[in-house]
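Notes for the one structure printed next.
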Amino acid sequence: MPFLAQDDVLQLLGLACVTAIGAIGLNIVTGLAGQVSLGHAFFLAIGAYTAAAIAGDPDARTIGFGVTEVLVWLPAAGLVAALAGMLVAPLATRLRGLYLAVVTLGLVFIGGHVINEWSSLTGGPGVGRQPRRRRCWATTSTRRTPSSPGTRSCTS
């Protein structure tokens with residue numbers, strides 16, 4: 001498939017597949033089992049960060065092992081997310097209704113906190129990306145005062 005499509009199309013297809021996996025899992029729990037679960041994003045994030053850590057660049061500032069074989073990091077991502085689910089399952093199977101919803105929503109907040117604070121894995125807030133820098137420029141004037149004609153304000 002990679003030789004048949006451009007990189008942006010492959011990225012879109014990958015995102016669609018990940019979203020479909022989350023939607024199917026949510027349909028099974030909510031639709032078929034009748035449980036209210038809000039923690040699917042937590043388990044998707046665990047799998048995504050596992051895949052990124054295994055396939056990441058070993059010389060980067062975040063954790064990376066450099067294993068680029070999809071047959072290695074894809075099952076590993078699923079297994080780590082499944083192990084996290086097995087850790088949560090003893091508590092979650094005893095809960096029903098809104099109590100299950102509150103616990104699974106708490107997982108999302110705990111996961112968000114860990115993602116923001118564990119900077120050696122995630123690079124900190126923003127998933128390791130540098131924030132956008134503001135640029136200011138003038139189109140016809142060299143003066144950068146807001147009242148001079150021909151200047152533009154700062155943009156992101």
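Small disclaimer: the values here were computed from a predicted structure and weren't measured.
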One should read off an interatomic distance between Phe109 CZ and Thr104 OG1, to the nearest 0.5 angstrom, of 11.0 Å

In terms of hydrophobic clusters joined by side-chain contacts under 4.5 Å, are Tyr99 and Val103 together?
-> yes

How many angstroms lie between atom CG of Leu15 and atom CG of Leu10, to the nearest 0.5 angstrom?
-> 12.5 Å

So does Leu32 have more than 12 non-hydrogen atoms from other groups sitting under 6.0 Å from CG?
-> yes

CG-CD1 distance between Leu26 and Ile21, expressed to the nearest 0.5 angstrom = 13.5 Å

Contacts of type side chain to side chain contact (heavy atoms under 4.5 Å, CB included), residue Ala101, not counting sequence neighbours | Val36, Leu38

Using residues 85-94 as the side-chain source, report each donor-acceptor pair under 3.5 Å to any protein atom, sequence neighbours left out, with the distance given to one decimal.
from  : atom 1 : to    : atom 2 : distance (Å)
Thr93 : OG1    : Ala89 : O      : 2.9
Thr93 : OG1    : Pro90 : O      : 3.3
Arg94 : NH1    : Pro90 : O      : 3.0

Do Asn116 side-chain atoms and Gly112 backbone N/O form a donor-acceptor pair below 3.5 Å?
-> yes

The side chain to side chain contact (heavy atoms under 4.5 Å, CB included) partners of Ala77 (sequence neighbours excluded) come to Thr50, Ala51

With the 4.5 Å side-chain cut-off for hydrophobic clustering, are Val67 and Val70 part of the same group?
-> yes

Are Leu95 and Val29 connected in the hydrophobic side-chain network, where two residues link if heavy atoms are under 4.5 Å apart?
-> no

Indicate the atoms forming the closest heavy-atom contact of Leu107 with Phe43, along with that distance.
-> CD1-CZ, 4.1 Å

Do Val80 and Val114 share a hydrophobic cluster (ILVMFWY, side-chain heavy atoms under 4.5 Å, transitive)?
-> no

Co-membership, hydrophobic cluster, residues Ile115 and Leu83, 4.5 Å side-chain = no

Compare every heavy atom of Ile54 with every heavy atom of Trp73, then report the nearest pair and how far apart it is.
-> CB-CG2, 3.6 Å

